Amino acid sequence: MNPIERLRAQLERVAAELGAEGTAAQLERPRNPEHGDLATNLAMTLAGRLRRPPRLIADQILERLSLAEAGVAAAEVAGAGFINFRLAGGVVQGQLLHIVKADRDFGRAAAPTGQRWQVEFVSANPTGPLHVAHGRGAALGDAIASLLQWSGHEVEREFYVNDAGVQIGKLGESLDARWRELQGQSASIPDGGYHGSYVTELARQVDAEQHERLASLDADARVAFLKDWGVAALEREQDETLRAFGVRMDSYYPESRVYQEKLVETTLQELAARGLTYEGEGALWLRTTDFGDDKDRVLVKSDGTYTYFAPDIAYHRDKIGRGFDHGIDIWGADHHGYVPRMKAALAALGHPEFLTVEIVQMVRIVRGGEEVKMSKRAGDFVTLRELFEETGADVARYFFLMRRGDAQMLFDLDLALDHSEKNPVYKVQYAHARLASIFRKAGLDPAALEAQNADLTRLTLRVEQDLIKQLDRFPDVVTRAAEGRSPHLVCEYLEETSGMVNSWYHGGNPSRNPELAVLVGDPALRAARLVLARGIQVVLRNGLELLGLTAPDRMEREETA
RNA sequence: GCGCUCGUAGCUCAGUUGGAUAGAGCGUUGGCCUCCGGAGCCAAAGGUCGCGCGUUCGAAUCGCGCCGAGCGCACCA
């Protein structure tokens with residue numbers, strides 16, 4: 001049990017003694033250091049219930065606390081009724097030992113929750129390469145999945161492949177048109193078809209590999225063949241892009257499976273059995289308005305075919321059937337209007353709480369103050385791959401993650417390509433690499449450090465203690481980020497921590513302040529500071545890896561002219 | 001017209017679920033430094049939290065109404 005938990009337990013006991021049973025005491029780390037290490041607003045929240053002024057209640061709470069037992073050196077009532085606590089010497093340093101020993105588990109939930117979660121993301125149609133917005137969804141979905149794992153849930157990452165339906169047909173026809181052009185015939189891309197240059201490129205490839213076969217097929221068979229070939233090629237391309245981007249899916253679920261396994265039929269039967277569908281104007285409707293939607297939605301069109309909605313419900317129903325307790329979908333902003341009906345459909349099936357949809361907003365890329373358009377002009381980015389091949393996967397991922405997903409973002413390409421510490425990614429990675437460099441200089445393996453032999457009470461400097469307190473916040477940040485599906489909180493934390501680390505590090509510049517360097521002459525102090533260096537490394541590495549980035553031991557030096 | 005998201009420093013954005021004097025990075029200005037690893041360090045200036053009303057001990061945060069930006073409102077996918 002850490003100091004926070006001990007103190008919280010005491011506060012809740014005292015609240016009960018004062019007549020407010022079942023109160024959850026909030027303990028926070030004040031931004032302002034003058035407010036101590038920990039603070040609670042308990043007295044203010046009890047004021048209404050106990051019908052006494054907050055400051056009086058605060059005094060009464062203080063009288064009943066066993067401060068020494070909780071590792072608190074001093075406490076005082078402040079402001080409108082806050083109680084501020086200052087931790088005893090040695091308590092803070094003790095947390096450092098815990099961090100180093102926990103190592104890769106520091107920040108991770110102590111025990112599994114037993115819950116199975118599924119995160120569905122990217123889910124691009126196999127009709128073209130992944131573009132930049134998919135990248136943001138990929139980075140976000142992957143990081144959210146990791147956060148849930150760190151919170152103790154069992155998590156599966158899934159990509160839903162729309163390999164059936166109209167779009168795919170258009171791909172086949174577009175590919176066929178380009179292929180015929182290659183044969184010297186006149187042909188044109190159909191309405192709603194794909195005009196991208198990648199289609200021409202694919203036509204060239206398939207012609208090189210399968211020319212005779214294509215020439216021998218009649219028109220319908222050829223389009224069908226090109227469709228299958230094109231889908232397979234684009235799926236492979238998307239998969240390779242994601243891998244290069246550092247995203248590994250656990251499962252690819254093809255829409256065609258929904259049809260093969262007759263899932264739409266069984267889903268419609270269940271909805272009908274629940275009395276939630278009706279016929280009207282020649283179509284079959286679902287009463288989504290019973291579950292909060294604006295209007296009822298069509299499941300089967302008057303021409304007898306399914307809307308997109310029907311197989312999508314069937315797919316989500318299947319997720320529940322596969323035993324997941326909770327599903328998170330990462331959708332692009334252009335689909336946000338679709339959320340109420342999907343939730344309504346699942347509510348109609350008896351699972352109103354299953355689905356959470358996270359909306360990923362648009363990304364605009366800016367270079368030299370000018371927006372880079374998503375057109376095919378020279379030098380502009382069209383695909384995700386082009387973007388991260390220029391910036392590096394770590395940088396692109398971090399940039400996508402450092403802003404809230406549900407707000408539009410500007411991707412500053414100049415900043416992304418900057419290799420100094422102005423670039424937040426390098427700021428964090430440099431901090432990690434510097435510490436590795438210290439261990440190299442000392443000739444030590446940081447992972448083999450015997451932290452328990454060091455006298456950590458030697459870490460008496462303000463910066464050192466502030467750093468330890470900062471490191472100790474990490475698990476809290478992870479929990480908060482997981483609850484809010486907000487990886488950007490981890491980014492902010494890492495940048496803030498790295499700022500402190502870099503400042504601490506530079507403060508110990510041997511040419512100026514050798515007594516502040518990690519590798520000082522005093523062996524005991526040196527040993528203690530090495531433990532701190534190790535603790536920092538553990539936290540930065542855990543944070544970076546949680547976000548899907550690497551934690552390098554050395555940065556590549558750029559050969560600049 | 002209706003719905004969703006958003007509006008915070010010159011710019012890009014946070015804001016611990018309603019807490020104390022609203023923060024960070026970049027940019028700007030001033031001063032150091034050339035290193036246990038860099039274009040680094042320290043400091044300063046910079047705010048009507050879009051506007052108004054309300055809720056309460058307390059509002060950037062919650063509610064209502066305006067103003068503005070983006071997206072969405074199919075028997076398309």
Side-chain angles (χ1 to χ4, degrees), chain A residues 26 28-32 34-35 39 41 44-45 47-48 53-54 78-82 84 125 127 162 165-168 170 192 255 280-285 294-295 297-309 311-312 332-340 359 361-362 364 366 369 402-404 406-412 414-415 418-424 426-427 430 433-442 473 476-477 479-480 483-484 486 488-489 491-493 495-496 499 502-503 505-512 514 516-520 533 554-555 557-558 560:
Chain A
Q26 289 180 44
E28 44 179 42
R29 300 165 213 255
R31 305 173 230 264
N32 187 339
E34 286 174 19
H35 297 147
N41 61 356
M44 286 138 90
T45 58
F82 290 96
N84 297 334
N125 291 348
T127 53
N162 292 112
V166 184
Q167 303 300 324
I168 297 300
K170 297 283 184 196
E255 184 186 356
E281 301 163 60
L284 185 72
W285 298 72
D294 302 348
K295 52 175 289 199
R297 307 290 172 175
V298 171
L299 296 168
V300 183
K301 295 184 257 181
S302 51
D303 67 3
T305 62
Y306 296 129
T307 58
Y308 179 80
F309 190 35
D312 216 15
D334 52 342
H335 285 82
H336 78 258
Y338 196 73
V339 176
I359 295 299
Q361 286 284 353
M362 213 171 85
R364 287 188 298 152
V366 177
M402 71 183 180
R403 304 296 180 215
R404 289 177 41 184
D406 62 359
Q408 294 180 22
M409 69 169 285
L410 280 186
F411 191 113
D412 182 343
D414 299 314
L415 182 61
D418 186 325
H419 281 235
S420 77
E421 286 180 35
K422 284 178 200 166
N423 184 332
Y426 292 123
K427 176 179 176 177
Y430 273 130
R434 283 195 173 110
L435 303 180
S437 163
I438 291 176
F439 281 104
R440 278 198 299 276
K441 185 158 189 108
R473 282 183 52 209
D476 217 41
V477 170
T479 304
R480 210 174 285 280
E483 283 171 357
S486 304
H488 75 275
L489 295 178
C491 295
E492 294 227 325
Y493 169 80
E495 286 174 53
E496 190 182 329
N502 290 331
S503 175
Y505 169 86
H506 287 292
N509 182 333
S511 71
R512 244 185 316 169
L516 296 179
V518 174
L519 303 179
V520 280
R554 59 179 80 217
M555 302 296 280
R557 288 168 192 264
E558 296 246 313
T560 47

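Keep in mind it's a predicted model, so treat the numbers as computed, not measured. Every chain is numbered from 1 and lettered A, B, ... according to where its sequence line falls, protein lines coming before strand lines.
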- Ranking A:E483 and A:R403 by the position along RNA chain B of their nearest nucleotide, the one closer to 5' is A:R403

- Item | Aro-ring/base stack A:F82-B:A20, d under 5.5 Å, angle under 30° | yes

- Base, sugar-phosphate, or nothing for A:E496, non-hydrogen atoms under 4.0 angstrom? nothing

- Message: For B:A20, does the base pair up with any side-chain atom of A:N84 as donor and acceptor (N or O, under 3.5 Å, distance only)?
- Response: yes

Shorter than 3.5 Å, N or O on both sides, protein versus nucleotides 4-9 of chain B: list them out with atom names.
| unit_1 | atom_1 | unit_2 | atom_2 | d |
| --- | --- | --- | --- | --- |
| B:C4 | O2 | A:H336 | NE2 | 3.2 |
| B:U5 | O2' | A:D406 | O | 2.9 |
| B:C6 | OP1 | A:R404 | NH2 | 2.7 |

- hbond_proxy A:R434 side chain to B:G38 base (donor-acceptor, 3.5 Å cutoff): no

- Please confirm whether any donor atom in the side chain of A:S302 sits under 3.5 Å from an acceptor in the base of B:C75, or the reverse. yes

- May I ask you to verify whether the side chain of A:S437 and the base of B:G37 hold a donor-acceptor pair under 3.5 Å? yes

- Do other residues, nucleotides or ligands put more than 12 heavy atoms under 6.0 Å from A:R440 CZ? yes

- Query: Between A:E492 and A:R480, is there a side-chain N and carboxylate O pair less than 4.0 Å apart?
  - Reply: no

- Message: Just N and O in the side chain of A:K427: are any of them under 4.0 Å from OP1 or OP2 of B:G38?
- Response: no

- Can you check side-chain hydrogen bond (donor to acceptor under 3.5 Å, both in side chains) on A:N162 and A:Q167, steps first, answer last? CA-CA 9 Å; A:N162 292 112; A:Q167 303 300 324; over 6 Å; no

- Rounded distance in Å between the P positions of B:C75 and B:U56: 45 Å

- Message: Base of B:G19, side chain of A:N41 - is there a donor-acceptor contact under 3.5 Å?
- Response: yes

Quick one: which protein N/O atoms are closer than 3.5 Å to N/O atoms of nucleotides 30-35 of chain B? Pair and distance per line, please.
| unit_1 | atom_1 | unit_2 | atom_2 | d |
| --- | --- | --- | --- | --- |
| B:C35 | O2 | A:N509 | ND2 | 2.8 |

